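Okay, structure first, notes after.
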Amino acid sequence: MAKMWAGRTEGKTDKIADDFNSSIKFDCRMYRQDITGSIAHAKMLASTGILTSEDFSLIESGLKGILADIESGALQFDMQAEDVHMFVEAELTKRIGDAGKRLHTSRSRNDQVALDIRLYLRDQVDEILGLIKCVMKAVVDKAEEYADAIAPGYTHLQRAQPISFGHQLMAYAMMLKRDVGRLCDASFRMNGECPLGSCALAGTTYNIDRNFTAKELDFTGLSENSIDGVSDRDFCLEIMSALSILMMHLSRFSEELILWSSWEFKFIEISDAFTTGSSIMPQKKNPDMAELIRGKTGRVYGNLMALLTTLKGLPLAYNKDMQEDKEAVFDSIDTVKMCLQVLAPMVATMKVNAKNTYTAAQKGFINATDLADYLVKKGMPFRSAYKIVGTIVGDCVAKNIVLDEYPLEDYKKYSELFDEDLYSEISLETCVNKRISVGGASPESVRKQVKDVREFIDTIL
Ligand code: ARG
């Protein structure tokens with residue numbers, strides 16, 4: 001097919017080459033950003049006298065008409081077009097004639113695409129922030145609801161110390177809080193450098209006003225080197241890195257939801273709306289959604305690695321390899337959005353079985369540290385207390401009882417410091433309620449975390 005860039009060559013390329021080269025099937029999703037960018041560019045050209053105001057009016061109304069027609073479905077993308085930029089420009093020229101051909105003055109698809117992705121990612125990051133906010137709300141509400149539920153906290157997946165179940169949930173809220181920060185940072189940096197006016201790679205001889213377009217498009221500054229402006233995609237990588245870390249958190253959380261909903265734990269029940277049955281085993285209730293979040297984390301990491309690898313050997317400035325940025329970043333965005341959308345209601349509707357978390361906390365000697373601390377508070381050095389308690393735990397294991405059931409006379413054989421009050425000191429309630437150090441596992445601390453994170457959530461967007 002003959003190309004808009006036909007000139008030096010006849011522009012007749014092989015059909016297979018056309019399909020291989022074309023990006024419209026995936027970059028068509030940036031049509032709105034492409035049109036917004038073109039209107040800003042044309043407005044700047046008119047303001048500097050490079051374009052007449054008549055041509056600008058034609059271009060502006062033409063582009064707005066194209067936008068409206070795409071949105072209403074009246075205009076379909078031409079899948080034969082090379083990319084969304086070519087499609088919009090060709091359609092404009094079809095509609096308004098020569099004025100349409102003037103739009104590309106002092107611009108290149110290289111700065112155009114560098115702009116479009118930034119504008120697209122800006123909107124998508126905002127959407128993702130809104131979705132993280134929903135997950136955070138669900139997590140925080142659940143944590144508050146189960147602030148008083150006692151559960152075992154784990155290290156090495158071995159019962160370690162008693163905690164409020166809400167405390168464990170709030171750990172995820174804190175991770176998400178940092179994910180929000182990372183995405184905001186990346187977006188802030190990206191929005192600080194408008195690439196428009198970098199043109200093909202070397203800027204332009206026209207007297208353009210780059211600050212005008214930057215302002216028009218809500219950038220806080222300009223890219224300061226035209227080669228860099230068109231050739232780096234580090235902003236995509238930053239966002240994809242932030243999304244990868246976010247997915248790592250969602251995956252860890254999902255892993256726990258899967259474990260907790262197993263018969264071995266039975267700490268939670270995921271609502272029927274977010275589980276599936278088995279086609280053969282009638283008793284099954286499978287946590288597929290959580291598993292898929294965990295599974296999809298791999299592709300978000302993969303997309304990041306793919307783009308890092310694509311970029312690593314590219315000479316400056318633009319190379320067609322860079323067209324590969326889009327499918328990778330779009331897939332990461334789509335995947336993350338779906339995962340967040342499913343996770344929020346899944347958390348909001350899950351039930352915690354506080355009886356089971358309590359029973360689990362009663363086993364595994366998770367109050368052993370507290371028993372050692374009891375001796376320490378009565379003056380014994382920690383290491384000595386640790387040794388004594390370890391021996392007592394061994395004796396309890398042999399007798400198949402827990403520390404709370406070990407008789408006082410037996411305790412006294414190890415130290416005269418043991419007294420009747422030890423039993424209340426090592427009760428699960430005491431162990432949890434007393435963990436009031438800042439960020440500790442007590443219900444009181446959980447309620448404070450809930451309050452702080454709620455205040456943070458209100459600042460998002
Ligand atoms: N579709 C291209 C991309 O996504 C647009 C830029 C093309 N520029 C060029 N010089 N061929 O990267």
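Everything numeric here is computed off the predicted structure, so don't read it as measured data. All values below were derived from every heavy atom in this structure, side-chain atoms included, with hydrogens, water molecules and symmetry-related copies excluded. Just follow the structure's listing: the first ligand is 1, and inside any ligand the first atom is 1.
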Return the residue, atom name and 0.1 Å-rounded distance of the protein heavy atom closest to [atom].
atom	value
atom 7 (C) of ligand 1	Tyr318 OH, 3.5 Å
atom 11 (N) of ligand 1	Arg109 NH2, 3.5 Å
atom 2 (C) of ligand 1	Gln323 OE1, 3.3 Å

Is Lys326 close enough and on-axis enough to Phe26, meaning under 6.0 Å and within 45°, for cation-pi?
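Cation-pi check for Lys326 and Phe26: fails.
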Considering both backbone and side-chain atoms of Asn110, is one of its nitrogen or oxygen atoms within less than 3.5 Å of a nitrogen or oxygen in ligand 1?
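Yes, since at least one N or O of Asn110 sits under 3.5 Å from an N or O of ligand 1.
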Is there a nitrogen or oxygen of Lys320 sitting under 3.5 Å from a nitrogen or oxygen of ligand 1?
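Such a contact does not occur with ligand 1.
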Under the side chain to side chain donor-acceptor pair (under 3.5 Å) rule, what do Gln323 and Asp83 come out as? Steps first, then yes or no, please.
CA-CA 10 Å; Gln323 182 166 281; Asp83 53 30; over 6 Å; no
Could you tell me whether the side chain of Ser445 and the main chain of Ser437 form a donor-acceptor pair under 3.5 Å?
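No: the side chain of Ser445 does not pair with the backbone of Ser437.
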For Tyr120 together with Phe330, are the ring centres under 6.0 Å from each other?
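Ring centres of Tyr120 and Phe330 closer than 6.0 Å.
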Does ligand 1 have an atom under 4.0 Å from some heavy atom of Lys326?
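Yes; Lys326 lies near enough to ligand 1 that a heavy-atom distance drops under 4.0 Å.
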Report, in ascending order of atom number, the atoms of ligand 1 lying under 4.0 Å from any heavy atom of Ser23.
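Listed by number with element, the hits are 1 (N).
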Show the atoms of ligand 1 that are less than 4.0 angstrom away from any heavy atom in Asp83.
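Every atom of ligand 1 under 4.0 Å from some heavy atom of Asp83: 1 (N), 2 (C), 5 (C).
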Contact summary for His167 and Gly440, nearest pair of heavy atoms:
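In terms of heavy atoms, the two residues are closest at CE1-O, 2.9 Å.
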Given Ser223, which partner from the list Arg210, Arg118, Glu193 fulfils the side chain to side chain donor-acceptor pair (under 3.5 Å) test?
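Per the side chain to side chain donor-acceptor pair (under 3.5 Å) rule, the option paired with Ser223 is Arg210, out of Arg210, Arg118, Glu193.
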